[in-house]
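Step one of this worksheet: look at the structure below.
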Amino acid sequence: MERSNENNAKAASRLSVAPMMDWTDRACRGFHRLLSRRALLYTEMVTAPAIIHGDRARLLDYDAAEHPVALQLGGSDPAELREATRIAADWGYDEINLNVGCPSDRVQSGCFGAVLMKTPALVADCVAAMQEASPVEVTVKCRIGVDEHAPAEVLPAFLDTIAAAGVRRVTIHARKAWLQGLSPRENREIPPLDYPLVHAMKAAFPQLHLSINGGIGSAEAASKHLEVMDGVMIGRAAYHEPWAILGAADRLWGDEPRFAEPAEAALAMREVIARHLETGGRMHQITRHMLGLFHGRPGARMWKRILSERGSAGTLDDYDAALAAVGAQEFA
C-alpha cells in the first residue's frame, strides 16, 4: 500500500474513530472515509501472533482510499510486536497503535490489553521494540487505570514511563477497566468517566499529543474537549450515528464537508455496493455499518428495517427501496 502524503495521522487524530472489534472492518472504514476525508480511522485490533502466523493479506489489506488509517496491534511480547510491526510496515499504515485498554477476558488471557497498565515497564519495552521496526509513529491507547488503581497516581506514572520510551502520542479512555466482574460492554459504561483527570494530563504533559476517548456522544461534546485536548476519539457514537459525528467533521480542519445531507452519502454508497455485489460480496457486509446513517430523521426506521431484513441476500433493488424510504432520490 502507498502511504498518504496529504494527511498524516497526527493531524488527522484531531478526530478519530476508535478501533472496535467486529465493527471497524474494511467496509466500515470505507463508509466512514466517504463521510469524512480527514478523520483518522483505525482497524480492529489485530494480535501480533495472528500477523506472524496467520493470513497476513486478510488481516492487513485495506483500500488506499482509507488513508489516513492506523493499525492497532495487541500483544505483550516485545519480540512478537517488533516482528508484527516489521511485517505490517509493508502495508503502509499511517500509524501503529498498541492496545493497552481492552478489558475482555480473551485479551487478558493473552496478557495484553488493559491488564498491561499494571506493568508500564513492559509497555515501554513493547513500544521501544515496535519503534525499531516501524517507519511511522508508534502510539498507545490506554485507560486511566485498572482495578484498585488510584488513577491520579497511576496515570501520570504510566505516561512518564512510556514517554521515556519515545511515545509522543497517546489516546486515553477516561475510565478505569475492571478486569474481573465486568464484561467488556459494562467496562465501557459502568466505571465513571473522569474527564477532568484526562484534561489535567494535557496540562501536566504539554510535550505529549493527547487524545481523549470514552462516552463522547456528539460533535458538540467533541468540540468542547478540543478546547483542552489535542484530539478526540469517538467509538460507539460514530458507529451508531455516523452522520452526526462524521458528516460535518471536516470542518474541524477548516474544510467543507463532502455532503450536505446523509441522503447524498447514501446515494454515493450505491456505486460502492454495486461493485461489491459484482465481485460476489453480500450487501449486508457493507450496509450493516450504515444502519444509523439517518438516525433521528424521517424514514430512518424503514431504512434500517429494509437493510436489516434484506441485507444478507440483498440486491441493488433492495438498496434502492431503502433509498426510497428516506427520499434519497430527490438528491440524485
Side-chain angles (χ1 to χ4, degrees), residues 1 3 9 16-30 32 40-64 66-119 122-143 162 167 171 173 177 179 183-185 187-188 213 233 235 239 281 285-286 288-289:
M1 291 286 179
R3 190 171 297 112
S16 58
V17 179
M20 293 175 282
M21 293 298 294
D22 300 321
W23 287 4
T24 52
D25 60 14
R26 291 178 65 179
C28 177
R29 297 193 306 269
H32 287 172
L40 178 60
L41 306 179
Y42 280 80
T43 68
E44 302 168 87
M45 183 188 68
V46 185
T47 67
I51 291 175
I52 295 169
H53 304 293
D55 184 341
R56 296 170 184 177
R58 180 181 64 82
L59 294 169
L60 296 173
D61 278 356
Y62 62 93
D63 192 292
E66 294 175 35
H67 286 296
V69 59
L71 170 67
Q72 187 181 67
L73 291 180
S76 60
D77 182 290
E80 285 186 342
L81 284 164
R82 180 192 296 110
E83 178 63 9
T85 300
R86 184 194 65 77
I87 293 166
D90 290 339
W91 268 259
Y93 283 94
D94 298 285
E95 170 193 328
I96 307 293
N97 177 265
L98 179 63
N99 183 320
V100 191
C102 182
S104 78
D105 292 340
R106 181 162 56 92
V107 168
Q108 289 180 57
S109 67
C111 195
F112 58 93
V115 70
L116 284 174
M117 299 248 4
K118 294 184 174 183
T119 54
L122 177 57
V123 176
D125 289 343
C126 289
V127 295
M130 293 166 69
Q131 288 165 349
E132 291 173 3
S134 179
V136 295
E137 187 170 18
V138 173
T139 67
V140 169
K141 184 175 187 290
C142 67
R143 293 276 183 143
I162 62 173
V167 173
T171 298
H173 186 140
L179 302 179
S183 69
R185 179 177 179 177
N187 262 300
R188 293 191 296 267
N213 170 234
M233 177 180 279
Y239 189 85
Q285 291 169 321
I286 295 178
R288 73 184 184 98
H289 303 299

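These values consider heavy atoms only, across backbone and side chains, with no hydrogens, waters or symmetry-generated copies.
Between G235 and N213, the shortest heavy-atom contact is N-ND2, 4.5 Å. In this structure, T85 and A133 approach most closely via the heavy-atom pair CG2-C, 4.0 Å. Here the closest non-hydrogen pair linking P78 and S76 is CD-O, 3.5 Å. Listed here is the closest heavy atom pair of S134 and I96: OG-CG1, 3.8 Å.
Partners of E66 according to the side-chain contact (heavy atoms from CB on, under 4.5 Å) rule, which considers only residues two or more places apart in sequence or in another chain, are R26, R29, Y62, D63, V69. With sequence neighbours excluded, the residues satisfying salt bridge (Lys or Arg N to Asp or Glu O under 4.0 Å) with D25 are R288. Shown here are the salt bridge (Lys or Arg N to Asp or Glu O under 4.0 Å) partners of E44, two or more places apart in sequence or in another chain: there are none. For S16, the side-chain contact (heavy atoms from CB on, under 4.5 Å) test picks out L40, Y42, M233, with sequence neighbours left out. Q285 is linked by a side chain to side chain donor-acceptor pair (under 3.5 Å) to H276, counting only residues two or more places apart in sequence or in another chain. Partners of H289 under the ring-ring contact (aromatic ring centres under 6.0 Å, His included) rule, at least two apart in sequence or in another chain, are Y239. Considering only residues two or more places apart in sequence or on other chains, E80 meets the side-chain contact (heavy atoms from CB on, under 4.5 Å) condition with A48, P49, I52, D77. Considering only residues two or more places apart in sequence or on other chains, R56 meets the salt bridge (Lys or Arg N to Asp or Glu O under 4.0 Å) condition with none of them. Legend: residues meeting side chain to side chain donor-acceptor pair (under 3.5 Å) with T139, ordered by chain and number and at least two apart, are E95, N97.
Note that CE of M130 and CG of L73 are 5.0 Å apart. Values are rounded to the nearest 0.5 Å. The distance from the CG atom of L81 to the CZ atom of R86 is 13.5 Å, given to the nearest 0.5 Å. If you take CG on L71 and CG on L41, they are separated by 13.0 Å, rounding to the nearest 0.5 Å. Atoms CG and CE, from L122 and M117 in turn, are 13.0 Å apart once rounded to the nearest 0.5 Å. Note that the CG atom of L116 and the SG atom of C102 stand 11.0 Å from one another [nearest 0.5 Å].
Sorted by first and then second residue, the pairs that involve residues 131-140 and meet salt bridge (Lys or Arg N to Asp or Glu O under 4.0 Å), not counting sequence neighbours, are R82-E132, E137-R169.
Between the side chain of R143 and the backbone N or O of H173, no donor-acceptor pair lies under 3.5 Å. No donor-acceptor pair under 3.5 Å is formed between the side chain of T47 and the backbone N or O of G74. Judged purely by atom type and a 3.5 angstrom limit, T24 uses its side chain to pair as donor or acceptor with the backbone of M20.
Annotation: side chain of V136 is not in contact with side chain of D94 (no heavy-atom distance under 4.5 Å). With a 4.5 Å cut-off on side-chain heavy atoms, C126 and L98 count as touching.
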